[in-house]
J.: 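I am attaching a structure below and will ask some questions about it afterwards.
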Amino acid sequence: MLAVPDMGLQGLYIGSSPERSPVPSPPGSPRTQESCGIAPLTPSQSPKPETRAPQHAPFSVVVAIDFGTTSSGYAFSFASDPEAIHMMRKWEGGDPGVAHQKTPTCLLLTPEGAFHSFGYTARDYYHDLDPEEARDWLYFEKFKMKIHSATDLTLKTQLEAVNGKKMPALEVFAHALRFFKEHALQLREQCPSLPEKDTVRWVLTVPAIWKQPAKQFMREAAYLAGLVSREDAEQLLIALEPEAASVYCRKLRLHQLLDLSSRAPGSGRLGERRSIDSSFRQAREQLRRSRHSRTFLVESGIGELWAEMQAGDRYVVADCGGGTVDLTVHQLEQPHGTLKELYKASGGPYGAVGVDLAFEQLLGRIFGEDFITTFKRQRPAAWVDLTIAFEARKRTAGPHRAGALNISLPFSFIDFYRKQRGHNVETALRRSSVNFVKWSSQGMLRMSCEAMNELFQPTVSGIIQHIEALLARPEVQGVKLLFLVGGFAESAVLQHAVQTALGARGLRVVVPHDVGLTILKGAVLFGQAPGVVRVRRSPLTYGVGVLNRFVAGRHPPEKLLVRDGRRWCTDVFERFVAAEQSVALGEEVRRSYCPARPGQRRVLINLYCCTAEDARFITDPGVRKCGALSLELEPADGASSGRREIRAAMQFGDTEIKVTAVDVSTNRSVRAAIDFLSN
């Protein structure tokens with residue numbers, strides 16, 4: 001073996017191919033590593049990825065939290081009865097005509113920043129506060145989108161409350177998750193058989209298009225909330241929302257599906273619905289649901305729709321939620337019905353909140369953008385009241401609805417506008433260029449159905465364009481089925497637009513019943529069997545920077561480094577996994593490292609990522625530092641001699657990138673982690 005003297009150089013070394021050098025990158029290189037020098041073992045051929053069965057901690061109950069942009073909820077099931085998914089029957093508070101098995105993602109903190117309430121309770125309490133008093137309270141809503149849109153997400157990222165005050169985002173998310181944890185564990189009073197918390201497997205849902213920093217952020221928030229400890233990290237699973245929906249759809253019977261292609265034109269209702277046999281299982285389900293209205297039963301095997309499918313059949317899941325549209329493509333594998341991802345998750349910020357934003361812009365056109373901004377800041381509780389009124393009307397919008405829609409304006413809006421502008425809202429409507437919104441004598445905005453549908457168009461068009469772009473990819477040819485899921489998929493406007501655009505291509509568009517709960521139920525099933533998605537696609541190329549022996553004519557002259565008479569090429573990007581590469585669950589990329597100094601207690605290695613598959617150097621355009629692999633070393637055994645080998649194994653086929661490490665000389669585990677939030 002070749003030892004590398006500790007020359008105080010910064011850098012990293014991996015022995016993985018005959019060309020790889022055992023010399024760290026010099027301090028002058030454009031992107032040096034942290035000052036935790038390491039040396040490689042004797043260079044060898046790059047090992048092929050190895051696959052091992054993922055190890056999961058034992059559990060007695062799965063508790064899944066669907067943390068959505070607009071609404072959230074939790075559900076659970078016991079390992080002894082995984083077919084029964086238990087959900088909240090009804091949350092405290094709520095709106096007429098809205099199912100209450102989820103609650104609004106609204107958090108209320110006291111003026112001192114302490115937790116007060118979450119969900120309907122938070123929303124209603126804040127609404128009832130005196131306007132002057134409400135200015136001091138911290139009310140957060142739809143804050144999940146901040147994590148999606150933040151380009152520089154860290155543990156110090158701030159969130160802005162409705163009143164303009166800021167607070168660390170990690171604390172806001174932790175407050176919300178702690179609420180669900182305490183609410184779920186209260187079920188012991190109703191369910192004495194519910195085990196202690198150390199046998200609970202928690203599942204958190206996140207959009208599949210979220211990058212690694214956002215996933216790690218949710219995990220950090222869960223640690224802060226006390227769902228699990230860092231020592232028991234494996235008791236928390238991150239589930240990708242469209243995957244969870246896909247897992248649930250595997251279990252559905254035909255009577256639990258709405259096939260949009262079978263609707264009578266213009267009726268908005270199902271035409272002929274395929275009947276199913278009156279089985280003992282159906283009778284058992286009716287009995288259970290009459291006794292426990294929050295319990296849902298799923299198939300022990302696969303549902304009828306899946307039974308019609310064959311190995312190799314492909315389908316798309318379009319998760320249309322409050323904040324994002326999230327698309328994934330799966331292929332069915334036999335004999336066990338596992339799933340293979342065919343194309344990396346795609347989508348964008350085309351959720352139901354886009355319709356809310358369009359309504360806010362419409363109000364700005366009528367009353368002035370400056371007034372709306374001032375009103376939101378000066379009368380935050382009244383603004384919440386107005387958004388609730390709009391949400392109620394938004395849910396009734398449909399492509400074939402006749403008749404206008406009335407939206408109540410809070411008295412404080414009418415009064416505040418008159419004081420600010422010197423004339424009333426009716427005058428503002430008359431003077432505005434918006435002719436499809438009128439003033440009702442009952443004190444309401446009267447909006448035509450066409451106008452309401454227009455508010456949907458930018459968001460709905462964005463969703464359809466994303467689906468069509470995905471279907472045009474060569475990797476997903478042959479798709480015949482699309483599942484439309486998520487809370488926004490309840491919208492008749494969206495359902496009609498998707499069916500109109502895609503039905504003509506021969507695509508069968510299917511919506512599960514209780515579509516807003518599909519992801520939550522699927523997350524519970526995912527927690528029971530995380531291995532159901534066997535193969536995923538890496539969204540990015542990941543690797544590290546190393547030195548190669550310099551080859552004239554192949555390597556750029558500016559990358560030449562001469563040391564001790566030897567010529568090296570600096571900043572070479574060594575790839576672990578390529579973008580679009582299929583990676584099986586449990587598949588490992590292994591590398592060996594050696595501390596550069598005796599007694600070294602920590603090894604820190606920078607990770608780089610990019611969208612390109614063929615990046616050559618860590619200085620190439622688009623290549624960026626995205627995280628750091630940290631290895632914490634125990635003191636070496638005094639009896640051991642020779643160089644110390646630390647073998648790290650990285651897994652890219654799970655919902656999160658994971659790493660484990662072993663000290664080869666002692667066969668002991670080494671504390672290893674990848675930090676994506678430190679940049």
J.: When rounded to the nearest 0.5 angstrom, what is the spacing between CD in Glu220 and CZ in Phe173?
T.: 13.5 Å
J.: Measure across Gly321 and Phe488 and return the closest heavy-atom pair with its distance rounded to 0.1 Å.
T.: O-CB, 3.6 Å
J.: Could you walk me through whether Glu141 and Thr105 pass the side chain to side chain contact (heavy atoms under 4.5 Å, CB included) check?
T.: CA-CA 6 Å; Glu141 61 178 356; Thr105 307; over 6 Å; no
J.: Side-chain donor-acceptor pair under 3.5 Å between Ser461 and Tyr350, yes or no?
T.: no
J.: Between Phe118 and Tyr120, is the gap from one ring center to the other below 6.0 Å?
T.: no
J.: Measure the shortest side-chain to side-chain distance between Leu109 and Phe140 over non-hydrogen atoms and say whether it is less than 4.5 angstrom.
T.: yes
J.: Specify whether Tyr126 and Tyr139 have parallel, tilted or perpendicular ring planes, treating 30° as the upper limit for parallel and 60° as the lower limit for perpendicular.
T.: parallel
J.: If every non-hydrogen atom of Leu525 is compared with every non-hydrogen atom of Pro82, which pair is closest and at what distance?
T.: CD2-O, 4.1 Å
J.: For residues Tyr74 and His183, is any side-chain donor paired with an opposing acceptor at under 3.5 Å?
T.: yes
J.: Does Lys146 NZ have over 12 foreign heavy atoms under 6.0 Å away?
T.: no
J.: For residues Met167 and Glu160, determine if any side-chain heavy atom of one lies less than 4.5 Å from a side-chain heavy atom of the other.
T.: no
J.: Among pairs that include at least one residue of residues 481-494, which meet salt bridge (charged side-chain N to carboxylate O under 4.0 Å, His left out), considering only residues two or more places apart or in two chains?
T.: Arg395-Glu490
J.: Check Arg537, Glu341, Glu587, Lys340 against Ser582 for a side chain to side chain donor-acceptor pair (under 3.5 Å) and give me the one that passes.
T.: Arg537
J.: Have a look at Leu327 and tell me which of Leu471, Leu470, Val476 forms a side chain to side chain contact (heavy atoms under 4.5 Å, CB included) with it.
T.: Leu470
J.: Are Phe526 and Tyr248 close enough that their ring centres sit under 6.0 Å apart?
T.: no
J.: Charged N to carboxylate O under 4.0 angstrom, Asp514 versus Lys521?
T.: yes
J.: Please check if the side chain of Thr121 supplies one atom and the backbone of Ser117 the other of a donor-acceptor pair under 3.5 Å.
T.: no
J.: Taking the six-membered ring of Trp202 as reference, does the cationic atom of Lys181 (NZ for Lys, CZ for Arg) lie under 6.0 Å from its centre and within 45° of its axis?
T.: no
J.: Trp137 vs Tyr125 aromatic rings, parallel, tilted or perpendicular, using cut-offs 30° and 60°?
T.: tilted
J.: Please report the shortest heavy-atom distance between Arg536 and Gly653, naming the atom on each side.
T.: NH1-O, 2.8 Å
J.: Using 0.5 Å steps for rounding, measure from the OG1 atom of Thr518 to the NE2 atom of His513.
T.: 10.5 Å
J.: Pick out which of Cys320, Pro512, Ser491 makes a side chain to side chain contact (heavy atoms under 4.5 Å, CB included) with Leu484.
T.: Cys320
